[in-house]
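Both counts, for ligands and for their atoms, begin at 1 and track the order of listing. Hydrogens, waters and symmetry mates are skipped; everything else that's a heavy atom, side chains included, is used.
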Amino acid sequence: MDLHKGTVVYFSPTGGTKKAIMCILDGLKIEMDEFDITGMAQGTSGREFGGDELAVIGVPSYGGRVPKPAVEKLRLLKGNRTPAVLVAVYGNRASEDTLAELRELLSEQGFICVAAVEAIAEHSIMRHFAEGRPDENDHRILKDYGKIIAQRILSAADDEQLKHADIPGDRPWRQYNGIPLKPKASEQCMGCGRCVNHCPVGAISPEHPDRTDTGRCISCMGCIAVCPAHARKLNSVLLKIAEETNKGKFKSRRENKLY
Ligand SMILES: Cc1cc2nc3c(=O)[nH]c(=O)nc-3n(C[C@H](O)[C@H](O)[C@H](O)COP(=O)(O)O)c2cc1C
């Protein structure tokens with residue numbers, strides 16, 4: 001089966017998910033459009049895919065699940081026996097049900113999940129964990145897998161021969177109810193509003209970008225990542241406690257898993 005075009009769909013508040021996906025694309029060597037569904041106003045129109053294009057769809061793992069705002073946007077995608085590569089990116093603890101949840105969601109919507117990857121990226125909250133990843137070694141592994149995926153698709157005579165990859169995991173999915181770490185703006189905030197547009201859930205007021213609705217905030221850290229004045233931060237004491245409490249779970253280097 002010959003694929004000439006594709007679209008990469010990603011929810012990536014701090015850029016780690018996008019970075020890991022780009023390593024796979026390096027190996028796929030198919031021209032891809034980008035469909036960023038991160039910001040609240042992005043990806044709301046949905047998108048329909050043909051059977052002759054490839055979808056590469058990636059999300060970070062939050063508490064072992066697909067982030068809720070990403071689920072809502074992914075539900076707006078429609079495949080027509082469209083081959084899809086699924087990517088769950090996590091910060092070196094575990095991605096648990098993320099990939100299985102993604103597989104269920106997208107196969108119900110007309111995608112054939114031909115391959116999947118659990119990829120490591122720097123932890124977007126506790127940045128010492130998996131710092132600098134994906135690194136050179138990750139890049140090589142993901143790029144090589146991109147080549148294998150391209151070969152897998154090319155060697156299928158038609159979409160009837162494409163098979164769902166064997167992605168482990170079953171319902172019930174684990175429960176995730178968020179975390180109490182919410183970024184706040186300091187007086188360095190210039191009110192530029194970049195964080196307002198980037199926030200996936202509209203938790204930052206357009207009139208007062210230095211205010212955050214902590215009830216809505218999903219702790220994605222996107223506002224910290226895009227702030228040009230470095231005005232948005234987590235409470236350093238709470239962050240230190242979280243790092244100390246969790247360091248055992250992050251100690252050993254985990255590797256990318258390929259399906
Ligand atoms: C709210 C939240 C929950 C997270 N939960 C987990 C987790 O359960 N396991 C893990 O290994 N990493 C976890 N991470 C780390 C992210 O999955 C990882 O850093 C990912 O690269 C972030 O994606 P992004 O850079 O595209 O925003 C979490 C990050 C956030 C912000």
Side-chain angles (χ1 to χ4, degrees), residues 8-25 34-40 42-43 56-71 73-74 86-102 117-135 138-139 142 169 173-184 194-195 198-201 203 212 214-227 232-235 238-239 242-243 245-257:
V8 48
V9 181
Y10 55 82
F11 178 86
S12 186
T14 74
T17 302
K18 182 175 177 187
K19 207 168 165 188
I21 292 178
M22 292 305 162
C23 298
I24 302 172
L25 296 196
E34 284 188 32
F35 192 56
D36 184 351
I37 60 167
T38 309
M40 178 134 156
Q42 291 177 298
V56 178
I57 302 170
V59 296
S61 174
Y62 285 1
R65 299 286 306 276
V66 179
K68 284 201 181 100
V71 172
K73 305 273 183 68
L74 293 174
L86 310 184
V87 188
V89 180
Y90 70 107
N92 204 56
R93 185 188 67 80
S95 66
E96 289 149 323
D97 292 328
T98 314
L99 208 48
E101 188 183 358
L102 205 53
V117 174
E118 285 173 297
I120 315 281
E122 190 164 300
H123 200 291
S124 49
I125 303 174
M126 300 170 283
R127 304 211 70 109
H128 301 311
F129 300 135
E131 197 172 0
R133 296 186 73 187
D135 57 19
D138 296 319
H139 183 236
L142 296 173
W173 312 136
R174 74 192 305 274
Q175 285 292 320
Y176 171 66
N177 297 315
I179 54 163
L181 291 167
K182 313 286 178 188
K184 292 223 167 78
R194 211 173 284 188
C195 54
H198 191 63
C199 177
V201 289
T212 308
T214 52
R216 277 194 193 189
C217 171
I218 55 163
S219 308
C220 73
M221 310 295 140
C223 57
I224 297 181
V226 297
C227 179
R232 301 188 71 89
K233 290 193 174 64
L234 288 174
N235 177 301
L238 293 182
L239 180 60
E243 284 174 344
T245 317
N246 286 295
K247 66 181 180 200
K249 297 179 197 156
F250 291 87
K251 225 170 29 203
S252 55
R253 178 186 167 99
R254 295 186 209 286
E255 298 301 340
N256 303 283
K257 285 196 190 145

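For atom 24 (P) of ligand 1, the nearest protein heavy atom (residue, atom name, distance) is Thr14 OG1, 3.4 Å.
Residue Tyr10 places every heavy atom at 4.0 Å or more from ligand 1.
Listed by atom number, the atoms of ligand 1 under 4.0 Å from Tyr90 heavy atoms are 10 (C), 11 (O), 17 (O). Those atoms of ligand 1 that come under 4.0 Å of a heavy atom in Ala121, given as number and element, are 21 (O). Contact atoms of ligand 1 toward Ser219: 1 (C), 31 (C) (distance under 4.0 Å to a heavy atom of the residue). Heavy-atom proximity to Ser12, at under 4.0 Å, picks out these atoms of ligand 1: 24 (P), 26 (O), 27 (O). The distance from ligand 1 to the heavy atoms of Glu122 drops below 4.0 Å at these ligand atoms: 18 (C), 19 (O), 21 (O). Here is the list of ligand 1 atoms found below 4.0 Å of a heavy atom in His123: 12 (N), 13 (C), 14 (N), 15 (C), 19 (O), 28 (C), 29 (C).
At a heavy-atom distance under 4.0 Å, no atom of Lys19 approaches ligand 1. Proximity of Ile125 to ligand 1, defined as any heavy-atom pair under 4.0 Å, is confined to the side chain (atoms from C-beta onward). Residue contacts with ligand 1 for Tyr176 involve side-chain atoms from C-beta outward but no N, CA, C or O (heavy atoms, distance under 4.0 Å). Neither the backbone nor the side chain of Pro67 comes within contact range of ligand 1; no heavy atom lies under 4.0 Å.
A perpendicular orientation is assigned to the rings of Tyr62 and Phe11, their planes being inclined by more than 60° (bins at 30° and 60°).
Between Arg253 and Asp138, at least one side-chain nitrogen of the basic residue sits less than 4.0 Å from a carboxylate oxygen of the acidic one, meeting the salt-bridge criterion. At a threshold of 4.0 Å, the pair Arg174-Glu101 does not count as salt-bridged, since none of the basic side-chain nitrogens sits closer than that to a carboxylate oxygen.
When each of Arg254, Arg65, Glu118 is tested with Ser95 by the rule side chain to side chain donor-acceptor pair (under 3.5 Å), just one qualifies, namely Glu118.
Considering backbone and side-chain atoms together, Pro60 places no N or O closer than 3.5 Å to any N or O of ligand 1. Geometrically, ligand 1 and Lys18 share no nitrogen or oxygen pair separated by less than 3.5 Å. For ligand 1, one of its N or O atoms has an N or O atom of Gly16 under 3.5 Å away. When only interatomic distances are considered, the shortest N/O to N/O separation between Glu96 and ligand 1 does not fall below 3.5 Å. For ligand 1, the polar-atom distance check against Ala94 finds a nitrogen or oxygen pair separated by under 3.5 Å. Inclusion of Cys220 in the set of residues having an N or O under 3.5 Å from an N or O of ligand 1 is not warranted. Annotation: Arg93 places an N or O atom under 3.5 Å from an N or O atom of ligand 1; distance criterion only.
Heavy-atom neighbours of Lys184 NZ from other residues, nucleotides or ligands within 6.0 Å: at or below the threshold of 12.
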